[in-house]
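Quick notes on the structure that follows.
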Amino acid sequence: MVPDHFQVIDFNKKLKSWYLKNHRPLLWRQTTDPYKIWLSEIILQQTRVAHGTPYYEKFLHHYPTVFDLANADERDVLRLWQGLGYYSRARNMHFTARQIVNEYGGRFPETAAKLSKLKGLGNYTAAAIASFAFGEAVAAIDGNVYRVMSRIFGIQSDMLSNEGKKEFAALAKELVSHEDPATYNQAMIEFGAIQCVPVSPDCSVCPFNDICYAYAFKMQNQLPVKSKKGAVKKRFFNYFIIQKGEKLALRERTAKDIWKGLYDFFLVESAKPLVSPEDFAGYKTLNELSQTGIIREIPKEYIHVLSHQKLHVHFWWITVPLEKSPDLPENLAFYSKEEVEELPKPILIDTVLKEVHYL
DNA sequence: AATTCGTGGTA
DNA sequence: TTACCAAGAAT
């Protein structure tokens, strides 16, 4: 709850004034088109503006309307998303585009309550679209807003716990401007992004340093409180790149695991790194394949770090003679160089193919 | 409710 | 080198 002495009207006035003077001219702020706003919000989830901006422009160029996105193949959408990470965002966005077209006539629902029922839209994104595109007076609470509220009001609850989220939500509901909710939400987010930054904010120029709890008690670097993440797990990936002529064998990842929907090579995951040919003894299909063609090692260990996993990756290249047609395991299939280029791939796979000058 | 889902940048 | 961070959501 907002303390008795806190002046919500004054706060909103100063915040808006700060925003009008200091905000960045980001592309997706120049429109009230819910499609464009939705696209930007999905792209920016857990993603820096600098990283997401080129993707926003690419998507808008390829898919100018929700109808264009709905008509696209999921594979092409994932290919355009390649390099952004958290690929379920792209799959959910594509699914939702089709739903908007097929069930809503191409028009987005206009309230946060309805929007949040769509795939890929949680409380934050639904509120952002509802306020930016339709002017609904709902608070959009992202990581920036949690930080700003936590510092100004001295809220020390864990912002990632359910209890903490309720507390922040109740406060945010009292703060949101009913006069201009869109600018209020943009301003809170922007204020957190460029003034009330996570590490070592310059509080000397902050318009709220006279009312800020964190500034008064020098707790800028202690707030907000976030529960710590779990340990990073090690995994050992052994990739076998099977080549026949110009073609490579790839397969779509369909398991409930990282990189779902993307394409990679024949993969043997092991508890420890496989170093010598003797280590392959236990893998039947691998032995058969290695006898089919020439196998050589890419003498390098790739370390690929994800948010909760650290991959130790080794690549082997198997060249199959043109006259032979090995039985490919799993759902592997041969793709031409042009097809390989067009398939959505984890950034690691793309990097390796470029390093060996295949792509 | 705790985990899991990428990638790149920075201190 | 490690840890943290970046316009969160799904399970």
Side-chain angles (χ1 to χ4, degrees), chain A residues 23-24 26-29 36-56 78 81-93 95-96 115-132 139-148 158-166 168-169 182 185-194 196-201 221-222 224-233 235 253 255-262 264 302-311 344-351:
Chain A
H23 75 86
R24 298 163 293 177
L26 303 177
L27 287 174
W28 44 90
R29 289 190 179 138
K36 294 180 182 176
I37 291 167
W38 169 59
L39 177 61
S40 74
E41 291 301 338
I42 302 298
I43 287 175
L44 291 171
Q45 285 169 8
Q46 299 289 285
T47 303
R48 292 171 196 280
V49 168
H51 192 195
T53 298
Y55 286 85
Y56 175 78
L78 281 169
W81 195 271
Q82 182 177 302
L84 258 187
Y86 289 152
Y87 296 92
S88 66
R89 288 183 293 170
R91 289 186 281 108
N92 288 338
M93 186 175 75
F95 179 94
T96 294
L115 284 163
S116 65
K117 290 178 181 171
L118 302 171
K119 262 191 188 178
L121 285 101
N123 289 333
Y124 163 73
T125 306
I129 298 171
S131 71
F132 300 158
I141 313 171
D142 75 334
N144 293 304
V145 180
Y146 278 117
R147 185 169 57 254
V148 171
D158 179 359
M159 60 176 258
L160 297 181
S161 71
N162 277 346
E163 201 174 344
K165 284 179 187 171
K166 283 182 193 169
F168 281 97
N185 281 327
Q186 286 286 188
M188 282 292 276
I189 294 165
E190 188 73 345
F191 184 76
I194 66 181
C196 195
V197 293
V199 179
S200 307
N221 291 325
Q222 272 61 56
V225 176
K226 305 166 84 167
S227 50
K228 290 174 185 173
K229 299 168 186 172
V232 174
K233 289 177 185 172
R235 295 175 75 178
R253 294 179 62 87
K256 185 179 178 291
D257 194 359
I258 59 171
W259 300 332
K260 186 177 178 188
L262 305 193
D264 63 0
Y302 291 81
I303 307 292
H304 190 82
V305 181
L306 295 81
S307 42
H308 291 80
Q309 301 183 27
K310 186 170 184 178
L311 272 33
K345 300 169 289 295
I347 213 68
L348 168 69
I349 300 299
D350 195 69
T351 299

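Computed from heavy atoms alone, side chains included, the values below leave out hydrogens, waters and symmetry copies. Letters A, B, ... are given to chains in the order of the sequence lines, protein chains preceding strands, and every chain is numbered from 1.
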Review item, nucleotides 1-3 of chain B N/O atoms under 3.5 Å of protein N/O:
| from | atom 1 | to | atom 2 | distance (Å) |
| --- | --- | --- | --- | --- |
| dA1(B) | OP2 | Asn162(A) | ND2 | 2.3 |

- Task: Mind checking Arg91(A) for me? I need base, sugar-phosphate or nothing, with any heavy atom below 4.0 Å counting as a touch.
- Result: nothing
- Message: Pick the closest DNA chain C nucleotide for Lys310(A) and for Trp28(A) by heavy atoms, then say which residue is nearer the 5' end.
- Response: Lys310(A)
- Query: After noting the C-alpha distance and the side-chain angles of Lys226(A) and Tyr146(A), does the key distance pass the side-chain contact (heavy atoms from CB on, under 4.5 Å) rule?
  - Reply: CA-CA 10 Å; Lys226(A) 305 166 84 167; Tyr146(A) 278 117; over 6 Å; no
- Message: Does Ile347(A) reach a base, just sugar-phosphate, or nothing at all? Heavy atoms under 4.0 Å.
- Response: sugar-phosphate
- Message: When the C1' atoms of dA7(C) and dT3(B) are compared, how many Å lie between them, rounded to an integer?
- Response: 22 Å
- Message: Can you see if the side chain of Gln46(A) gets near the phosphate of dG6(B) - specifically, an N or O under 4.0 Å from OP1 or OP2?
- Response: no
- Message: Over all strands shown, is Lys119(A) touching base, sugar-phosphate only, or nothing at heavy-atom distances under 4.0 angstrom?
- Response: sugar-phosphate
- Task: Would you kindly compare Thr125(A) and Val199(A) by the position of their nearest DNA chain C nucleotide and give the one closer to the 5′ end?
- Result: Val199(A)
- Query: Between dG8(B), dA7(C), dA10(C), which nucleotide has the shortest distance from any of its atoms to the side chain of Asn92(A)?
  - Reply: dA10(C)
- How close or far is atom P of dA7(C) from atom OH of Tyr55(A), stated in whole angstroms? 18 Å
- Given atom CG of Leu306(A) and atom C1' of dA3(C), what is their separation to the nearest angstrom? 16 Å
- About how many Å separate CZ of Arg89(A) and OG1 of Thr47(A), when rounded to the nearest 0.5 Å? 3.5 Å
- side-chain contact (heavy atoms from CB on, under 4.5 Å) between Ile258(A) and Arg253(A): does it pass, once the steps are laid out? CA-CA 8 Å; Ile258(A) 59 171; Arg253(A) 294 179 62 87; 3.7 Å; yes
- Round to the nearest Å and state the distance from Asn221(A) atom CG to dA3(C) atom P. 19 Å
- Query: Rounding to a whole Å, what distance do you find between Glu190(A):CD and dA7(C):P?
  - Reply: 10 Å
- Should Trp259(A) be listed as having a side-chain N or O under 4.0 Å from OP1 or OP2 of dT7(B)? yes
- Query: At under 4.0 Å between heavy atoms, what does Val305(A) touch on the DNA or RNA strands: base, sugar-phosphate, or nothing?
  - Reply: base
- Any Tyr86(A) side-chain N or O less than 4.0 Å from OP1/OP2 of dT4(B): no
- Remember a base hit wins even if backbone is also touched, and classify Leu160(A) as base, sugar-phosphate or nothing at under 4.0 Å, heavy atoms. nothing
- Note on the structure: Separation of dT1(C) atom P from Ile303(A) atom CD1, nearest Å, is 10 Å
- Message: Checking contacts here: which listed nucleotide (dC5(B), dA10(C), dA7(C)) is nearest the side-chain heavy atoms of Ile258(A)?
- Response: dC5(B)
- Task: Considering only atom C1', compute the distance from dG6(B) to dC4(C) and round it to an integer number of Å.
- Result: 15 Å
- Task: Could you give the distance separating dT7(B) and dT11(C) at their C1' atoms, to the nearest angstrom?
- Result: 22 Å
- Are any of the side-chain heavy atoms of Pro201(A) and Asn221(A) separated by less than 4.5 Å? yes
- Message: If I take atom NZ in residue Lys256(A) and atom P in nucleotide dC5(B), what distance separates them, rounded to the nearest angstrom?
- Response: 7 Å
- Item | Listed nucleotide nearest any side-chain atom of Gln309(A), set dG8(B), dT7(B), dC5(B) | dC5(B)
- Does Gln82(A) reach the main-chain N or O of Lys345(A) with its side chain, forming a donor-acceptor pair under 3.5 Å? yes
- Message: Within this structure, what is the CG-CD1 distance for the pair Leu121(A) and Ile42(A), rounded to the nearest 0.5 Å?
- Response: 5.0 Å
- Message: Taking Gln309(A)'s backbone N and O only, do any of them form a donor-acceptor pair with Arg235(A)'s side chain (distance below 3.5 Å, no angle check)?
- Response: no
- Message: OP1 or OP2 of dG6(B) versus the side-chain N and O atoms of Thr47(A): is any pair under 4.0 Å?
- Response: no
- Item | Distance, nearest 0.5 Å, that separates OH of Tyr124(A) from CG of Asn144(A) | 8.0 Å
- Item | Donor/acceptor link under 3.5 angstrom from Arg89(A) side chain onto base of dC5(B) | no
- Item | DNA chain B: 5'-proximal contact among Ala231(A) and Tyr87(A) (nearest heavy atom) | Ala231(A)
- Query: Which whole-number value in Å describes the distance from Tyr146(A) OH to dG8(C) P?
  - Reply: 10 Å
- Message: Would the base of dG6(B) count as contacting Ser307(A) through its side chain, where contact means a donor and an acceptor less than 3.5 Å apart?
- Response: yes
- Select base, sugar-phosphate, or nothing to describe what Leu84(A) touches, counting heavy atoms under 4.0 Å on all strands. base
- Answer yes or no: is there a donor N or O on one side and an acceptor on the other, between the side chain of Thr53(A) and the main chain of Ala50(A), under 3.5 Å? no
